[in-house]
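Letters A, B, ... are given to chains in the order of the sequence lines, protein chains preceding strands, and every chain is numbered from 1.
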Amino acid sequence: MPGGQRKLARRFYSTDAATLAPRLLGCVVVRILPDGTRLAARIVETEAYVGVQDRACHTFASRRTPRVEPMYGPPGTAYIYFTYGMHHLLNVVCGAVDEPVAVLLRAAEPLDGLDQMREHRGPRPVPDHHLARGPGCLAKALALDVSFSGLDLVNDPRLWLQSGRLTATEAAAVVNTPRVGIDSAGSPWTGALLRWAVATSQSVSGPSVRTRSS
DNA sequence: ATGACGATTTACT
DNA sequence: GTAAATCGTCATA
């Protein structure tokens, strides 16, 4: 069966965001709750935020504030921030120390702990494949908030990523599109092809990614 | 101290 | 399709 096997090592994260983002498709996010429950979800949508040149990136123009400090840390650090007054978004820091780049995890297919994920999402009914569809939903399903920002995905017992592969069919269905929700960043960043998604997955968020036919 | 603004989601016309 | 919800962060003063 598909899914992760071993925890991703520091080396895996030591590359630029646009390289790491597509490589994370098929990998598995694992979250251990305080009571020991293990949640797992398979990543199907990611976006790269490529650093100080990128107007859509929080570290544009080398901004270095307490919020974004984790992005300047070692590859394999989690960067989680709060936005719109209600949502938390989970990023994986990559690159090298003092090189503030990261990959946003936008959507994942739930594998384990679905009941707990549903509980975290709240009272509204949610189909299984929508539990972690969208970056805000993903973080919420995994019960993550800003208190987890800065944790080390290579050593922390509460959160990590595991290796995983896409099927041949899925790999052939990966689409590379502009990022979602950054229209105000301006050219060329708004149109930059820095989002990757498994178009065949029912758990992908955002604008339609159905394979184009023309 | 103040005000504008989100790497979103959900509800509603 | 449009709009509301809701608050920490950041730039400006």
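When rounded to the nearest whole Å, the span between CD1 of A/Ile80 and C1' of B/dA7 equals 14 Å. Put simply, NZ on A/Lys140 is 18 Å from C1' on B/dA7, counting in whole angstrom units. For the pair A/Arg55 CZ and B/dG6 P, the interatomic distance rounds to 12 Å; values are reported in whole Å. Taking atom NE2 on A/His130 and atom C1' on B/dT10, their separation rounds to 14 Å, with Å as the unit. Rounding to whole angstrom units, CG of residue A/Leu193 and P of B/dA7 are separated by 19 Å. Rounded to whole Å, the distance from CG on A/Asp183 to P on B/dC5 is 15 Å. To the nearest angstrom, C1' of B/dA7 lies 14 Å from CZ of A/Phe82. A/Leu89 places its CG atom 7 Å from the P atom of B/dT9, with the value rounded to the nearest Å.
The side chain of A/Asn91 approaches B/dA7 more closely than any other nucleotide in the set C/dT6, B/dA7, B/dT10. Closest to the side chain of A/Tyr84, from the set B/dT10, B/dA7, B/dG6, is B/dG6. Comparing B/dT9, C/dA5, B/dT10 by their nearest atom to the side chain of A/Arg124 picks out B/dT10.
Residue contacts for A/Arg121: at a heavy-atom cut-off of 4.0 Å it reaches the sugar-phosphate backbone alone, with no base atom in range. Counting non-hydrogen atoms under 4.0 angstrom, A/Val180 reaches the backbone sugars and phosphates but no base. Using a 4.0 Å heavy-atom criterion, one finds that A/Leu104 contacts the bases of the nucleic acid, with or without backbone contacts as well.
A cation-pi contact, defined as under 6.0 Å to the ring centre and within 45° of the axis, is absent between A/Arg67 and A/Tyr79.
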Discussion item. Could you spell out the base pairing of DNA chain C as a dot-bracket line? Use Watson-Crick and G-U wobble contacts where both distances are under 3.5 Å, [ ] for crossing pairs, | for partners on a different strand.
Written reply: |||||.||||||.

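In the hydrophobic clustering, where aliphatic and aromatic side chains (Ile, Leu, Val, Met, Phe, Trp, Tyr) are joined below 4.5 Å either directly or transitively, A/Val180 stands alone.
Between A/Arg10 and A/Asp152 there is a salt bridge, since a side-chain N of the basic residue sits under 4.0 Å from a carboxylate O of the acidic one. The existence of a salt bridge linking A/Asp128 and A/Arg133 is excluded, since no basic side-chain nitrogen approaches an acidic carboxylate oxygen closer than 4.0 Å.
The CZ atom of A/Arg179 sits 6.5 Å away from atom CD of A/Glu47, with the distance rounded to the nearest 0.5 Å. Here the CE-OG1 distance, from A/Met117 to A/Thr37, works out to 11.0 Å after rounding to the nearest 0.5 Å. For the atom pair OG1 (A/Thr46) and CG (A/Asn91), the distance works out to 11.0 Å, reported to the nearest 0.5 Å. To the nearest 0.5 Å, atoms OG1 (A/Thr77) and CD (A/Glu69) are separated by 10.5 Å.
By the 30° and 60° cut-offs, the orientation of the rings of A/Tyr81 relative to A/His58 is perpendicular.
At the phosphate of B/dG6, OP1 or OP2 sits under 4.0 Å from a side-chain N or O atom of A/Ser184. Contact annotation: A/Arg106 reaches the phosphate of B/dT8 (side-chain N/O to OP1 or OP2, under 4.0 Å).
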What nitrogen or oxygen pairs link the protein and nucleotides 10-13 of chain C at under 3.5 Å?
{"unit_1": "C/dC10", "atom_1": "OP1", "unit_2": "A/Thr65", "atom_2": "OG1", "d": "2.4"}
{"unit_1": "C/dC10", "atom_1": "OP1", "unit_2": "A/Arg67", "atom_2": "NE", "d": "3.4"}
{"unit_1": "C/dC10", "atom_1": "OP2", "unit_2": "A/Thr65", "atom_2": "OG1", "d": "3.2"}

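Residue side chain A/Tyr81 fails the stacking definition with respect to B/dA7, as its ring centre and the base's six-membered ring centre are not both under 5.5 angstrom apart and under 30 degrees in plane angle.
Side-chain contact check for A/Glu45 and A/Ser205: at least one donor-acceptor pair (N or O, by modelled atom type) lies under 3.5 Å.
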